[in-house]
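Below is one structure, written out as structure tokens; the observations come after it.
Any value given below was found using the heavy atoms of this structure, including those in side chains, with hydrogens, waters and symmetry copies removed.
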Amino acid sequence: MLPFQSNHAIDELLVSYLLGEATEVQQRSALKWISASPENERYFQEFQQIWEKSRELAANSSVDVNAAWERMREKLEKGKNGGKEEGKTGRREDGKVVSLAGWWRRAAAILAIVVTGTVGWTIYRQWTNAGWMELASQETTLQQLLPDSSKITLNKGATIEYPKQFARNKRRIKLKGEAFFDVKRIPEQPFEVEVNQLTVTVLGTSFNIRETDSVTVVIVETGTVQVSDGNQSIVLHAGEQIIAGKNLRSWTKVQQTDKLYQYYRTRTFNCDRTPLWKLVEVLNEAYDSNIVIINPAIRELPITTVFENQPLDEVLSIIAQTLDITITRKADQIYVE
């Protein structure tokens with residue numbers, strides 16, 4: 001999540017500072033470094049964001065946080081001592097050789113995973129030689145500020161790759177999964193998203209991309225977007241969407257009639273004559289549920305309402321009353337008929 005490569009000594013200082021273990025001299029050093037440049041300040045803000053998220057997760061965990069941190073510290077110390085200087089390598093217990101340059105750089109991010117005993121809030125990697133970063137959300141949504149100040153919101157299970165520093169004539173991003181982009185306008189430096197053999201190009205706009213194995217859905221919220229695959233190209237304006245896929249030879253843009261796609265950013269399910277099947281798909285993803293429409297005759301029933309971060313049972317109750325349908329539970333499945 002950090003926007004550029006850092007020095008491990010600085011990362012160690014910031015970890016101590018956030019833990020409250022820094023001496024007065026170290027505290028002054030940390031504050032001096034943070035205020036030395038806008039880049040340093042942004043680095044610290046994102047570092048702190050990871051740290052605060054780890055504390056939030058730890059508050060709901062049964063894991064012994066102090067013991068987990070001590071285990072983490074021991075691993076980091078072994079890593080530092082194993083690689084004689086930054087850029088060198090060490091050997092893991094399983095015999096594999098790994099780079100130790102990033103141990104302290106990733107300490108705060110890894111701590112969010114270690115202290116909670118989970119497999120993750122995020123995965124953060126960087127390729128020092130290639131200059132590319134990878135950020136992946138896992139069980140929750142994740143927001144990221146890019147080096148050009150554009151903002152990305154990743155839905156669960158999404159991954160982006162981006163360079164630590166954009167080229168002068170192009171800002172290139174690679175996406176897997178679903179994400180919302182709020183792009184800073186820089187006319188001389190177009191913003192490109194590579195997704196599922198498509199290229200989405202913009203100057204400054206906001207749009208949503210949802211990628212699956214079979215199709216890619218692009219929805220434009222503001223501004224204008226160009227979508228191309230080398231053989232064909234189409235321009236989308238605000239409120240328009242297309243569905244492109246390997247088996248779809250031609251693309252047709254249509255008006256986006258609801259704002260349901262925003263749910264993972266806004267925590268709001270905004271339906272405007274939305275067909276029931278579409279709402280059910282989104283609810284299954286948002287709540288990790290297994291809702292099944294038994295009666296095909298009700299799949300297209302339209303619903304107009306807004307759910308604002310409500311429990312699933314409450315949402316289902318409102319749907320049942322609004323559409324005059326029956327919803328029952330059996331084991332881990334929910335049947336709609």
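- Within the hydrophobic cluster formed by Ile, Leu, Val, Met, Phe, Trp and Tyr side chains joined at under 4.5 Å, directly or through other members, Tyr335 is accompanied by Val292, Ile294.
- A salt bridge links Arg172 with Glu194: the closest approach of a Lys/Arg side-chain nitrogen to an acidic carboxylate oxygen falls below 4.0 angstrom.
- Here the side chain of Glu211 pairs a donor or acceptor atom with the backbone of Gly177 at under 3.5 angstrom.
- Between Glu221 and Arg265, at least one side-chain N (NZ, or NE/NH1/NH2) sits under 4.0 Å from a carboxylate O, which counts as a salt bridge.
- No side-chain N or O of Ser228 forms a donor-acceptor pair with one of Gln232 less than 3.5 Å apart.
- Using a 4.5 Å heavy-atom cutoff, the side chains of Gln262 and Phe180 are not in contact.
- For residues 206-245, the pairs satisfying ring pair (Phe, Tyr, Trp, His ring centres under 6.0 Å) are Phe181-Phe207, with sequence neighbours left out.
- Looking only at atom types and distance, the side chain of Asn155 has a donor-acceptor partner in the side chain of Glu178 under 3.5 Å away.
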Report task. Give the C-alpha distance, both sets of side-chain angles, the deciding distance and a yes or no for salt bridge (Lys or Arg N to Asp or Glu O under 4.0 Å) between Glu139 and Lys156. Result -> CA-CA 6 Å; Glu139 297 175 358; Lys156 295 186 295 184; over 6 Å; no
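- In this structure, Arg171 pairs ionically with Asp148, as a charged nitrogen and a carboxylate oxygen lie closer than 4.0 Å.
- For Gln226 and Ser233, the side-chain atoms include at least one donor-acceptor pair closer than 3.5 Å.
- Residues meeting the ring-ring contact (aromatic ring centres under 6.0 Å, His included) test with Phe166, sequence neighbours left out: none.
- Residues Thr23 and Arg28 have side chains that never bring a donor and an acceptor to within less than 3.5 angstrom of each other.
- Judged purely by distance below 3.5 Å, without hydrogens or angles, the side chains of Thr268 and Asn270 never pair a donor atom with an acceptor atom.
- A salt bridge links Arg329 with Asp313; the closest basic N to acidic carboxylate O contact falls under 4.0 Å.
- For the pair Asn196 (side chain) and Leu198 (backbone), a donor-acceptor distance under 3.5 Å is absent.
- Tyr263 and Glu285 share a side-chain donor-acceptor pair at under 3.5 Å.
- For the residue pair Thr257 and Asp272, no side-chain donor N or O sits within less than 3.5 Å of a side-chain acceptor on the partner.
- Looking at Gln256 and Tyr261, their side chains never bring a donor and an acceptor atom within 3.5 Å of each other.
- With Ile319 as the fixed residue, the side chain to side chain contact (heavy atoms under 4.5 Å, CB included) test singles out one of Val336, Leu279, Thr305: Leu279.
- For Glu24, the CD atom is loosely surrounded, since the number of other residues' heavy atoms within 6.0 Å does not exceed 12.
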